Number of protein chains: 2
Amino acid sequence: MAKHNLDLSRLFHALADPTRRAILTRLAETPARVTDLAGPTGLRLPTVMRHLSVLEGAGLITTSKDGRIRTCAIVPEALDPVRTWLDEQRAIWEARLDRLDAFVMNVTKDREE
Amino acid sequence: MAKHNLDLSRLFHALADPTRRAILTRLAETPARVTDLAGPTGLRLPTVMRHLSVLEGAGLITTSKDGRIRTCAIVPEALDPVRTWLDEQRAIWEARLDRLDAFVMNVTKDREE
DNA sequence: ACGATAGTTAGCGATATGGCTAAGCATAAT
DNA sequence: ATTATGCTTAGCCATATCGCTAACTATCGT
């Protein structure tokens with residue numbers, strides 16, 4: 001539970017930065033080298049490196065080095081916990097709305113009697 | 001697009017903190033006063049207030065004051081942009097996997113010919 | 001061997017975050 | 001009228017984040 005929570009925090013934090021989301025979207029097209037990723041962002045290499053390590057730390061990407069080139073690729077299933085959390089929340093939230101509906105209906109009915 | 005992006009960043013950032021997620025889950029049950037929210041967290045009121053303002057800034061909750069009591073409630077549709085973004089990403093990521101499949105199949109086919 | 005390319009590490013500065021205390025303000029309760 | 005309650009504001013501290021430059025390492029191309 002606690003660890004799960006940490007995972008979620010890391011995921012959400014990783015996704016909270018527009019640059020990182022842009023990198024993810026770019027990587028969704030095709031794997032890319034670090035320099036390829038730096039280009040569009042207009043950021044310096046070390047800065048991009050940092051973003052990449054955040055993404056990797058959250059499990060959203062994997063990287064591997066071949067010679068002097070590091071290739072970054074997306075980990076599609078990494079978003080699953082986020083999706084699961086969202087689904088859970090929606091379920092709770094909707095259950096609450098249902099209870100609210102029931103409550104309102106009861107009040108209405110009581111008033112009609 | 002830019003604003004949309006900012007919304008997403010604020011949402012993800014708001015969700016990146018376990019305390020704030022706990023508050024959301026608690027609020028999903030029923031609206032609550034600030035003090036009610038502070039209790040379970042073990043945090044001081046000003047700290048909770050700050051979390052609440054982050055949540056409100058992200059549009060995830062609304063608050064209203066009646067007398068000296070501020071009541072906080074969830075905004076269920078606030079998660080929609082997150083869900084949308086996730087769906088979009090999944091679509092792109094899966095499209096990429098499909099292309100990869102097609103590529104692999106072509107290679108295999110070519111080799112067989 | 002040498003220079004160019006790709007990435008990495010170290011470290012700086014400005015700003016943001018998450019916690020706190022202390023003090024203030026407004027409303028309810030007595 | 002006074003006290004208690006609920007929230008708010010101001011401000012402090014430690015740490016984290018996001019950008020940078022400078023300098024370093026490792027590999028590739030010629």
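Just so it is clear, the structure is predicted and the values come from calculations on it, not from any experiment. Here is the naming used below: chain letters follow the sequence lines, and residue numbers restart at 1 for every chain.
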* Is there a chain of hydrophobic side chains (I, L, V, M, F, W, Y, each step under 4.5 Å between heavy atoms) that links B:Val75 to B:Trp85? -> no

So which protein N/O to nucleotides 15-19 of chain D N/O distances come out below 3.5 Å?
{"from": "D:dC18", "atom 1": "OP1", "to": "A:Asp17", "atom 2": "OD2", "distance (Å)": "3.4"}
{"from": "D:dC18", "atom 1": "OP1", "to": "A:Arg20", "atom 2": "NH2", "distance (Å)": "3.2"}
{"from": "D:dC18", "atom 1": "OP2", "to": "A:Arg20", "atom 2": "NH1", "distance (Å)": "3.1"}
{"from": "D:dG19", "atom 1": "OP2", "to": "A:His51", "atom 2": "NE2", "distance (Å)": "2.3"}

* Asked: In terms of the nearest nucleotide of DNA chain D, which residue is placed more toward the 5' end: B:Val34 or A:Pro46?
  -> B:Val34

* Structure fact -> DNA chain D nearest-nucleotide lookup for A:Leu45 and A:Lys65: closer to the 5′ end is A:Leu45

* For D:dC7, take OP1 and OP2 only and decide whether either is under 4.0 Å from a side-chain N or O of B:Arg33. => no

* **Set of residues satisfying side chain to side chain donor-acceptor pair (under 3.5 Å) with respect to B:Arg33, sequence neighbours excluded** => B:Asp36

* In one Ile/Leu/Val/Met/Phe/Trp/Tyr side-chain cluster, 4.5 Å: B:Leu60, A:Leu86 -> yes

* Atom CG of A:Leu52 and atom C1' of C:dT9: how far apart are they, to the nearest Å? -> 15 Å

* Sorted by first residue and then second, give each side-chain hydrogen bond (donor to acceptor under 3.5 Å, both in side chains) pair with at least one member in residues 63-76 of chain B; sequence neighbours left out. => B:Glu56-B:Thr63, B:Thr63-B:Arg70

* With sequence neighbours excluded, residues passing side chain to side chain donor-acceptor pair (under 3.5 Å) with B:Asp87 -> A:Arg83

* Take the protein atom CE of B:Met49 and the nucleotide atom P of C:dT17, then report the distance between them rounded to whole Å. => 17 Å

* Structure fact -> Separation of C:dA4 atom P from A:Ile69 atom CD1, nearest Å, is 18 Å

* Does any N or O in the side chain of B:Arg21 come within less than 3.5 Å of the main-chain N or O of A:Asn5, such that one atom is a donor and the other an acceptor? -> yes

* If you measure from CG on B:Leu37 to CG on B:Leu55, what distance do you get to the nearest 0.5 Å? -> 9.5 Å

* To do: Is it possible for you to say whether A:Leu15 and A:Val54 belong to one hydrophobic cluster, with membership spreading through side-chain heavy-atom contacts below 4.5 Å?
  => no

* Asked: About how many Å separate OG1 of B:Thr41 and CZ of B:Arg20, when rounded to the nearest 0.5 Å?
  -> 12.5 Å

* Are A:Ile23 and A:Ile69 in one and the same hydrophobic cluster, where Ile, Leu, Val, Met, Phe, Trp and Tyr link if side-chain heavy atoms are under 4.5 Å apart? -> no

* Are A:Ile92 and B:Ile61 co-members of a hydrophobic cluster defined by side-chain heavy atoms under 4.5 Å apart? -> yes

Taking N or O atoms only and anything under 3.5 Å, show me the protein contacts with nucleotides 13-15 of chain C, one pair per line.
none

Polar-atom pairs under 3.5 Å, protein N or O versus N or O of nucleotides 28-30 of chain C: list them with distances, or write none.
{"from": "C:dA28", "atom 1": "O4'", "to": "B:Arg68", "atom 2": "NE", "distance (Å)": "3.3"}
{"from": "C:dA28", "atom 1": "O4'", "to": "B:Arg68", "atom 2": "NH2", "distance (Å)": "3.1"}

